[in-house]
Amino acid sequence: MLDFVQQLVSGVALGCVYGLIALGFVLVYKATEVVNFAQGDLMMLGGFLAFTFIGMMGLNYWIGFAGAVAAMALFGMLAERVVVRPILGYPQFSIIMATIGLGYFLRSIAGMIWGTDDLKIETPFSQGVLRIGPLVLAYDKLSVIAATMILCTLLYLFFNKTTLGTAMRASSENMLAAYYMGIPVKRVVSIVWAISAAVATCAGVLLAPITFIHSNVGLVLGLKAFPAAVLGGFGSIPGAVVGGVLIGVIESMAGFYLAEGWKDVAPYIVLLAVLLLKPEGLFGLHVRKKV
Amino acid sequence: MRFLFKTDYEDDIRLFPHSGYYVSYGLLLAVLLIAPYVLSSYLMSQLVFVCIYATVGVALLILTGFTGQASLGHAAFLAIGAYTAAYLQTYNVPFPVYFLAAGLLSGCIGALVGFPALRLQGIYLVIATISFALIVEEILARWESVTHGNEGMRVKTLSLLGVAVPRDSPTFYFLCLAVLVLTIVGTLNLLRSPTGRAFVAIRDSETAARSMGVNVALYKVKSFAISAAITGFAGVLFAHKLSFISPEMFTLQLSIEFIIVILIGGTFSLHGAVLGAIFIVMIDPFLTYLKDDMPGIIAGIAATFGAGTQAAANVQSKVAAFASLNGLKGAIYGIIIVLFVLFEPLGLYGRWLKIKLFFQLFPLYKRATFKRQKIYVKSERNR
C-alpha cells in the first residue's frame, strides 16, 4: 500500500510535466489547428536557459525562472512569426513537418551550445522531504504538482475572465468570424504561442530536479505528451492535464508492477487503445462531421 | 521541347508520356549500370544507400503522397523486414524465400496498422504511427530470443543461387538497383490502374471518392499494406548492406529521414523520391567534404587574397572546428526541412518542373502558376 502511494505521487508528479507539455500542444492546436511537434524542444530550451541564468550566472532561482519564462515567451512569438505564420492555412502535413524541422534545429543548436552532458539546476526544492507517518514525499515532486495546479488555475482564469482570453477562444472557434468582429487574430495567435512556450519552460524548469536536462529530453518527453493530449481529447485544456497525470501514473505503475520494458510502451499502448475506442478522448467534444 | 496533345484515354494512362522518356531513362540506366566500374567504393556504397532510401521513399510516396495518409512509422516496417531476414537467415533459408517472407510479413503488419488507421486522420494518424513505431522498437529491444535485444544481430553475407554476394560488390548494387527499378515500374503501373486512381481520389477528397463508389476503407488498408511490403523488401537490403542490425538503428529519427526524402523530393511524383534519397544520402559525404577539404580550400582562397599565412591558418582551423561540430547534421536537417516547407513546398522535382516550364513558355512564364492555394483555417473540430 505504501509503495502504491509512493508510486502514485511520483507518477502524478511526472504526469504533471507531461500534462504541461500537452497543455502547450492543446493551446496551439485550439488556436490554430497546428500541432507543434517542437513543443518538447521548447521545454528543453527553456530548461537550458534557466540553467544558464541560475547555474552559470548565479542568479536567484526565482529571478532566473522568470527570466527564462520571459525569454522563451519571446522565442515562442518569434518561432510563430518565422516558421508557422507563412504556412498557416496550408495542409496540416506541411505544418507538422515544419515544426519537426524546428525541433530538430533546436535540439542540435542546444547540443552545440550546452554540450551533451546532463545538467542539473539547484532549486529550493531539491533537498528535503515531507514525512507523513511512514510516507516519504520529496519536495521537488510536490513542487511540480503544486506548480501545475497554480498554472492551470491561472490559465483557466485567463481564458474565462479576461478579454484577451475571450478573444483567443473566439479566434479558435472561427478565425474569420473573429477577424470580422475586430479581433486582431494574428496578434492573438502570436500570444498563444508565447503562452505555450512559457508553459513549456515552466515544465522544463520544474522537471530539472527530477530528470536532468539534456538536449534530447524534449524529444522523449514531447513524445510522451502525445498520449496525454490524445487521452484528454486534443482540444481540451483540462483534458491535457488530466491525460498527462493519467499517463504519468500508468507509466509509473507499469514500471513498478510489470516486467521491465512495459514502462516505456505502456503510454503508447494506452494511446492506441484510446484512438481505437474513443478517438475524441475523455474530454473532447464528439462532433458529427458535416460535408 | 514538345507539346503533348492527349486525344484519348489511352494517352492519359500511358506508362511514360512520350517516347523521349525511353531514351532519357535508358541513358540514365546505362550510366547507373557502368557506375560501379567507374566510381570509388565509398561513392558506390552511398549509391546503394540511395537505392534503398529511394525504394522506401517510393513506398512512402504511395502512402503519403498518393493516398494522403501520413506515416511517421516507416522505420518500423524497415526494421520488420530487416529482422525477418536476419532471423530466417539463421535457419539457412535461401535469399529469395526470406526476401519474399520479409515483404509479406511487413505487408501483413502494415495492413494490421492500416485497420486502426481507418478511423484516424491527419495529426491523429501521425501520432498513431509514431506510437506503433515506438512499440515495435521496444519489442525489438526486449524479445531477446528472436532479436538478441540490444546486442543486435549479425547478418550473414547474402548468397544468391549459391554464389556469395558481398555487401560492397557490384552485384549487390545491381540487386538494389533492380529492386528500385522494379518498385518504380510497379508503382507507375499501380498508379495508372484503378487501384492507383482510387488512392489519388481518396487523397483529394475522401467524401468525393466514397460517393463515386470507391471502397475507402479497403483502399486505405491496401495502400498501407503495399507501402509496408515495399519497405520490408528495402529492409532486407538494408540489413545486408549494414551487415549488423540493432534496435537503435530503427528509431523515429529514421522515420523522419524517410519523410524528409519525400518532402525534399516533392510529394507528388516518383522522381521526387529518388531526388530526395540522393539528397539525404549525400549530406554525409558533404559534411565529410566540409570537414576535410573545405578548410584547406578556404585557407587557400584567404591566402591568395593577401591574408598572411597565420590568418589563413586561423581561418582553416575555424572552418574545421565548425564542420566538426557535434550536431551539425541535425541542424542542417532542421533548416532544410523548414526552408523547403516554407519556400519550395513542391520539392526538388517541383523546382525542376518550374525551370522546365520557364524555358518552354519562355516569354510568357508566370510565377503564379505554382502558387499554393491557401485554405482558410477553419476548425476541424466544428467541421
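Letters A, B, ... mirror the listed sequences (proteins, then strands); counts begin at 1.
Put simply, the side chain of A/Phe105 does not reach to within 4.5 Å of the side chain of B/Val338, judged on heavy atoms. Contact of the A/Phe226 side chain with the B/Val126 side chain is not registered, since no non-hydrogen atoms from C-beta on lie closer than 4.5 Å. At least one side-chain heavy atom of A/Phe37 sits less than 4.5 Å from a side-chain heavy atom of B/Ile130. The side-chain heavy atoms of B/Gln253 and A/Tyr104, taken from C-beta on, include a pair separated by under 4.5 Å.
Atom OH of A/Tyr257 sits in a crowded spot, with more than 12 heavy atoms from other residues, nucleotides or ligands closer than 6.0 Å. More than 12 heavy atoms of other residues, nucleotides or ligands sit less than 6.0 Å from atom CZ of A/Phe159. Under a cut-off of 6.0 angstrom, the local environment of CD in B/Glu248 is crowded, with over 12 non-hydrogen atoms contributed by other residues, nucleotides or ligands. Atom NZ of A/Lys186 has 12 or fewer neighbouring heavy atoms from other residues, nucleotides or ligands inside a 6.0 Å radius.
Of all heavy-atom pairs between B/Ala331 and A/Ser108, the closest is N-OG, 3.0 Å. Heavy-atom minimum distance, A/Val82 versus B/Leu342: O-CD1, 3.6 Å. Heavy-atom minimum distance, A/Leu272 versus B/Ser131: CD2-OG, 3.8 Å. The minimum heavy-atom distance between A/Met97 and B/Val341, with the atom names listed, is CB-CG2, 4.0 Å.
B/Ile127 pairs in a side-chain contact (heavy atoms from CB on, under 4.5 Å) with only one of the listed residues (A/Leu271, A/Val35, A/Leu223), which is A/Leu271.
The CD1 atom of A/Ile269 lies 9.5 Å from the CD atom of B/Glu138; values are rounded to the nearest 0.5 Å. In this structure, OG1 in B/Thr251 is found 9.0 Å from CG in A/Leu219, a value given to the nearest 0.5 Å. Of the inter-residue distances, the one linking B/Leu125 atom CG with A/Leu275 atom CG reads 9.5 Å to the nearest 0.5 angstrom.
The part of B/Leu263 that comes within reach of chain A is its side chain, from C-beta onward, which places non-hydrogen atoms under 4.5 angstrom from that chain. Residue contact with chain A, scored on non-hydrogen atoms closer than 4.5 Å, involves the side chain of B/Leu72 exclusively. Proximity to chain A is absent for every atom of B/Leu339, based on heavy atoms less than 4.5 angstrom apart.
Among B/Ile139, B/Ile336, B/Ile335, the residue making the largest number of heavy-atom pairs under 4.5 Å with chain A is B/Ile335.
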